[in-house]
Amino acid sequence: MTGKSVTAFAPATVGNVGVGFDILGHTVKAVGDRVQARRTAGRGIRIAAITGSQATLPLEAEKNTAGMALVSMAGALSLPFGIEISIEKGIPLGSGLGGSAASAVAAVVAANALLDTPLSKLELLKFAMQGEAVASGSVHVDNIAPSLFGGLVLTVGIDHPRTKQIPVPPNVRCVLVHPHMFLSTREARRILRKTVDLSDLVWQTANLAGFLSGCYTNDLDMIRDSFEDVIIEPQRAQLIPGFKAVKQAATSNGALGCSISGAGPTVFAWCEEHFAEGIRAAMVEAFAEHNLASDHWVSAIDTEGARIVES
Ligand code: HSE
């Protein structure tokens, strides 16, 4: 073991945000993963420990999201040293809160601090994407990009991704309710149809454009009217017991919109701050009526992404 150790924190994220499948996501302030990294004398990536998770995650670097992100980084940079990491999972596994992405992001941010010449966040994004692919079976960025950059983030492109932080009206809060069940992202992606009706494409395109323009212009009515996923949510709702009742509980208590966080099972709702507690209670109760206990948070959507927290 050589050199200093650094610890990075990467926040949980809401992928898709309803209208932006695989391209839009935002940070959740309340929870996240931490990765401690240090240089080692020999080359290669080693995972020393994983703590905090409710299931066993692989310690083999190539099979672990954080490990694979670093394997990809070390290979591309031909690093003359090795890296040993310890992962502390704060995000429940299989929750739809971007846990695999957060571990990959925290790993590359921590490792970056060990480099003689640190890289830009955009360069780190590509390595983290390789890590995320291990967990979900495909390369997508809607969790990675916000966890890395912070806030509501749109990503365009995969091979040469471009990211844009979208402003969010300041009094908007996100209510998140995570029912105690596991949903595999791979499975939630496998069930999706590969084709889309033209009318649904038009509707969803309008909703994404309306949602983003509402965010830019502080127009809550536009956000509310656009906050509808007509393509993915109808296909995944059946995977989450009580989803319709939970969504109804949110919207009837003043939510701007409510949908599935990432691949689920966490359900999220955007709302004005003063509605947040009422919406949280109603959503939790609706899940309880379907025999599901839950964790729940109310989060601002601030612009703070992954960062070094100890060095
Ligand atoms: N956009 C992804 C999905 C997020 O919905 O499948 C989960 O990784």
Side-chain angles (χ1 to χ4, degrees), residues 1-13 25 27 31-53 57-91 93 98-136 139-150 153 155 158-161 163 304-311:
M1 193 69 56
T2 57
K4 63 178 180 175
S5 115
V6 294
T7 302
F9 170 85
T13 44
T27 39
V31 247
D33 287 357
R34 285 169 177 253
V35 172
Q36 183 187 58
R38 65 178 87 230
R39 286 192 190 197
T40 55
R43 292 190 187 207
I45 307 303
R46 181 173 173 270
I47 301 173
I50 303 173
T51 55
S53 56
L57 286 170
L59 285 166
E60 197 180 323
E62 282 82 359
K63 292 185 179 167
N64 180 289
T65 60
M68 189 58 211
L70 295 185
V71 167
S72 149
M73 185 174 179
L77 302 178
S78 301
L79 291 183
F81 52 85
I83 298 176
E84 181 185 271
I85 58 171
S86 297
I87 305 166
E88 189 186 328
K89 295 291 298 176
I91 303 172
L93 293 176
S100 54
S103 290
V105 166
V108 296
V109 168
N112 197 40
L114 302 176
L115 302 181
D116 297 328
T117 312
L119 305 173
S120 69
K121 282 195 167 180
L122 197 55
E123 289 170 295
L124 296 180
L125 180 73
K126 294 181 190 174
F127 300 132
M129 283 164 63
Q130 296 309 316
E132 165 78 305
V134 173
S136 64
V139 177
H140 53 271
V141 284
D142 53 320
N143 295 109
I144 292 280
S147 187
L148 183 58
F149 290 94
V153 179
T155 307
I158 288 285
D159 292 337
H160 302 287
T163 60
E304 199 171 24
R307 56 203 176 266
I308 299 296
V309 289
E310 277 172 36
S311 62

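- In this structure, Arg39 satisfies the cation-pi test against Phe81, with its NZ or CZ atom closer than 6.0 Å to the six-membered ring centre and inside 45 degrees of the ring normal.
- A donor-acceptor contact shorter than 3.5 Å links the side chain of Arg307 to the backbone of Gly305.
- The side-chain heavy atoms of Phe9 and Val35, taken from C-beta on, include no pair separated by under 4.5 Å.
- For the pair Gln130 (side chain) and Phe127 (backbone), a donor-acceptor distance under 3.5 Å is absent.
- Remark: Thr27 pairs with no residue by the side-chain hydrogen bond (donor to acceptor under 3.5 Å, both in side chains) rule, at least two apart or across chains.
- For Asp33 (side chain) and Ile87 (main-chain N/O), no donor-acceptor pair under 3.5 Å exists by modelled atom type.
- Judged by distance alone, the side chains of Lys89 and Thr51 never bring a donor and an acceptor atom under 3.5 Å apart.
- Atom CG of residue Leu77 and atom CG of residue Leu115 lie 6.5 Å apart, to the nearest 0.5 angstrom.
- Taking the side chain as every heavy atom from C-beta outward, Lys126 and His160 approach each other to under 4.5 Å.
- Minimum heavy-atom separation, Val31 to Gly90: CG1-O, 3.6 Å.
- Rounding to the nearest 0.5 Å gives a distance of 10.0 Å between NZ of Lys121 and CG of Asn112.
- Under the 3.5 Å distance criterion, with hydrogens and angles disregarded, a donor-acceptor pair is assigned to the side chains of Glu132 and Ser100.
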Run the numbers on Val108 and Leu70 for side chain to side chain contact (heavy atoms under 4.5 Å, CB included), then give the verdict. CA-CA 6 Å; Val108 296; Leu70 295 185; 4.2 Å; yes
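- Note: Ser86 OG to Ile50 CD1 = 9.5 Å, rounded to the nearest 0.5 Å.
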